[in-house]
Protein chains: 2
Amino acid sequence: MTTIRDVAKVAGVSPATVSRVVNGLAGYSAETRRRVDDAIRELSYEPDTLARGLKTKQGAVIGVLAPVVSDALASEIMSGVESAARQRGYSVMLGRTGPNSAYAASYLRTFRTYRAAGVILISAAVTADMRRALGSGIPVMSVAIRDGAQFPSLAIDDEAAAYDGTRRLITLGHRRIGLLAGDPASTLVNTVRKRGYLRAMTEARLDPLIEHGNSLYDSAPPALGRLLARDAGLTAVFALSDEMAAAVVNELQRKGRIVPDEISVLGFDNTRTSTHVYPALSTIAQPLERMGQLAVERLLAAEDGPAGALGPRILAHRLIERGSTSAPADRTTPSRTTSTTHPTKENS
Amino acid sequence: MTTIRDVAKVAGVSPATVSRVVNGLAGYSAETRRRVDDAIRELSYEPDTLARGLKTKQGAVIGVLAPVVSDALASEIMSGVESAARQRGYSVMLGRTGPNSAYAASYLRTFRTYRAAGVILISAAVTADMRRALGSGIPVMSVAIRDGAQFPSLAIDDEAAAYDGTRRLITLGHRRIGLLAGDPASTLVNTVRKRGYLRAMTEARLDPLIEHGNSLYDSAPPALGRLLARDAGLTAVFALSDEMAAAVVNELQRKGRIVPDEISVLGFDNTRTSTHVYPALSTIAQPLERMGQLAVERLLAAEDGPAGALGPRILAHRLIERGSTSAPADRTTPSRTTSTTHPTKENS
DNA sequence: TTGTAAGCGTTATCAC
DNA sequence: GTGATAACGCTTACAA
């Protein structure tokens with residue numbers, strides 16, 4: 001390993017001067033600078049992050065915690081985190097939250113020992129436990145989750161998004177719209193989205209119909225079965241995750257029902273999964289990659305600025321219509337297959 | 001931050017003794033041990049990873065580099081890496097390889113400054129450039145890629161796997177089998193798989209038919225179009241990635257062709273994507289999660305043992321038959337829809 | 001069984 | 001402008 005002393009020796013200066021040059025501080029002549037730069041290149045010197053972090057009490061890692069590492073939603077956010085972090089000279093350290101939050105706290109303690117510059121929690125709220133595990137110097141931020149509470153977060157307005165999705169289905173002419181929600185116990189965000197669905201249905205004087213999965217693919221077919229058992233005449237299913245929506249599309253097809261002609265399916269999140277089925281999913285888009293980038297930007301800004309100044313921040317969602325939704329065919333409302341699709345603005 | 005000295009003071013011993021207790025070394029009485037443990041708990045002390053790494057010249061991070069962070073294949077391998085690393089007290093640091101290997105080398109240099117215990121390269125070979133960037137003390141290993149070269153790697157036998165997949169299609173009765181390969185320039189592994197396909201086809205005196213995509217979803221429909229343009233009577237398509245295979249299934253459906261009755265589709269990798277389409281993909285399974293775990297195990301073992309002792313290592317692949325493959329329907333060979341499926345052992 | 005002290009590679013404070 | 005020097009928190013000879 002080549003150290004700062006090696007460079008100093010070759011350049012004929014002191015370690016302190018090399019440090020100044022490396023860190024872009026003032027206090028040396030142009031000539032000195034050139035000699036140091038040359039030496040650095042010659043020895044291909046790279047400052048030791050460990051020693052630096054130890055001395056400055058300021059590490060160069062951003063910790064990221066996700067419930068499941070291989071999840072599409074988390075992956076896309078992490079991708080944004082990675083690019084923004086790298087761009088600013090930080091490295092990202094990855095951890096899995098797992099089932100209980102004790103697990104998360106353990107990771108947080110580890111991040112602290114690295115003197116992490118910040119921590120990003122994907123799809124998980126900041127609990128008191130976690131805050132404690134992290135100590136006081138390190139800013140945390142939740143991404144893709146938010147609730148009434150004032151902890152730092154970055155998310156879309158899930159209530160409004162679910163409302164808009166439901167509204168769109170209603171506007172298309174659907175009246176019997178089933179909701180396929182995630183596990184209410186584990187995913188906080190589902191409760192909020194459910195509220196949005198409920199509000200839209202109530203406003204339109206429509207009967208809500210809800211069944212629960214766990215946000216993952218395999219949980220959807222049985223839940224869809226339950227939905228259909230309760231109302232065989234459903235014309236639309238709103239699934240609160242793309243994975244479940246994809247499963248619904250496939251399961252419907254397996255049952256010989258045409259999507260969207262017989263039943264429309266609306267997803268949520270706009271992960272890669274949404275384009276991996278046929279017909280491709282109409283879905284509510286969250287700017288996942290962007291959220292990851294923004295999270296590190298805000299985290300890093302928080303370090304300099306007032307430490308606790310991070311509140312919740314809402315990003316815009318967007319309804320993307322692909323092939324899995326249309327007007328219901330067997331009604332008096334205009335059918336998409338026969339007419340051009342000008343969304344009819346009728347409410348009941 | 002509570003340091004080892006704080007603990008020492010509370011426990012009424014020296015920092016050295018605390019260190020011994022923390023690291024499980026011998027040399028203290030049971031009574032001392034108890035007092036130290038109590039103090040540690042009381043202050044919720046956690047050793048500083050930075051200081052420790054600096055002193056011991058042995059960091060606690062495993063670096064992982066993937067071409068694309070949000071890719072399903074990489075995600076599943078990373079998931080295995082994470083669990084194995086965590087279990088052994090290591091943290092994983094994530095990086096994206098990006099287009100050129102200069103990018104990768106830069107990450108490698110960063111890993112070195114963390115005194116990484118090892119580095120895992122997903123879907124990328126170890127180049128001389130990279131070896132150099134990493135210095136000599138840190139073991140590297142490629143996962144899910146291998147070639148004739150003797151660099152350390154962990155992969156299935158891609159040639160044999162592609163051969164087996166092709167064989168299976170032939171055994172089912174297919175004669176006109178198109179191959180949908182990835183970009184030959186960027187993905188080394190594709191060349192090897194292509195060889196396996198070619199060998200099986202040649203042995204069976206069948207005409208090979210190959211078109212190239214780039215392994216991703218969007219590249220598949222046009223490539224499929226080209227395949228079909230060259231032979232409209234194709235009864236099977238072997239795609240060298242699940243994403244492409246999924247796209248083929250969906251595109252075929254869009255064209256009104258029934259999978260597998262009219263055309264069988266075989267995928268590769270057995271990522272989550274393979275179960276996200278209907279019919280679910282038959283595919284060649286790589287033990288992705290397991291590969292990730294094994295990679296860290298071998299890396300960590302390599303540290304202690306002889307440093308360069310890591311050669312290539314081959315893992316078993318497995319053919320998984322789901323719904324996207326069957327015997328061709330419009331031939332004299334037994335149709336799967338009418339008879340029970342005993343794979344007919346006929347060769348041409 | 002336990003303590004003292006010397007560094008690991010860096011940055012920051014202070015002199016010159 | 002530049003160089004000693006003292007930490008940062010830890011481990012590890014070496015002493016006791």
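What you are looking at is a predicted structure, and each value in this text was computed from that prediction instead of being measured. Here is how names work: the chains are called A, B, and so on, in the same order as the sequence lines, proteins then strands, and each is numbered from 1.
Interatomic distance, A:Thr271 OG1 to A:Leu73 CG, rounded to the nearest 0.5 Å: 7.0 Å. Note that the CD atom of A:Gln286 and the CG atom of A:Leu154 stand 10.0 Å from one another [nearest 0.5 Å].
Within residues 10-29 of chain B, the residues approaching DNA chain D are B:Ala16, B:Ser19, B:Asn23, by heavy-atom distance under 4.0 Å.
Residues B:Thr110 and A:Ser91 have side chains that never bring a donor and an acceptor to within less than 3.5 angstrom of each other. Using modelled atom types and a 3.5 Å distance limit, the side chains of B:Thr113 and A:Arg52 yield no donor-acceptor pair. Under the 3.5 Å distance criterion, with hydrogens and angles disregarded, a donor-acceptor pair is assigned to the side chains of B:Ser79 and B:Glu289.
Nearest-nucleotide assignment on DNA chain C puts the 5′-proximal partner with B:Arg33, out of A:Arg52 and B:Arg33.
Here chain A contacts DNA chain D (any atom closer than 4.0 Å to a heavy atom, that is under 4.0 Å), and the contacts span D:dG1 to D:dG9 from 5' to 3'. The outermost nucleotides of DNA chain C lying under 4.0 Å from heavy atoms of chain B, listed 5' to 3', are C:dT1 to C:dG9.
Between A:Ala85 and A:Val296, the shortest heavy-atom contact is N-CG2, 4.0 Å.
Note on B:Asp6 versus B:Lys9: no salt bridge recorded, every NZ/NE/NH1/NH2 to OD/OE distance being 4.0 Å or above.
Under a cut-off of 6.0 angstrom, the local environment of CZ in B:Arg88 is crowded, with over 12 non-hydrogen atoms contributed by other residues, nucleotides or ligands.
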Discussion item. Please determine whether salt bridge (Lys or Arg N to Asp or Glu O under 4.0 Å) holds for the pair A:Arg33 and A:Asp37, giving the CA-CA distance in whole Å, both sets of side-chain angles, and the decisive distance to 0.1 Å.
Written reply: CA-CA 6 Å; A:Arg33 184 210 160 87; A:Asp37 277 340; 3.3 Å; yes

Discussion item. Walk me through whether B:Asp38 and B:Arg35 qualify under salt bridge (Lys or Arg N to Asp or Glu O under 4.0 Å).
Written reply: CA-CA 5 Å; B:Asp38 285 352; B:Arg35 289 226 311 283; over 6 Å; no

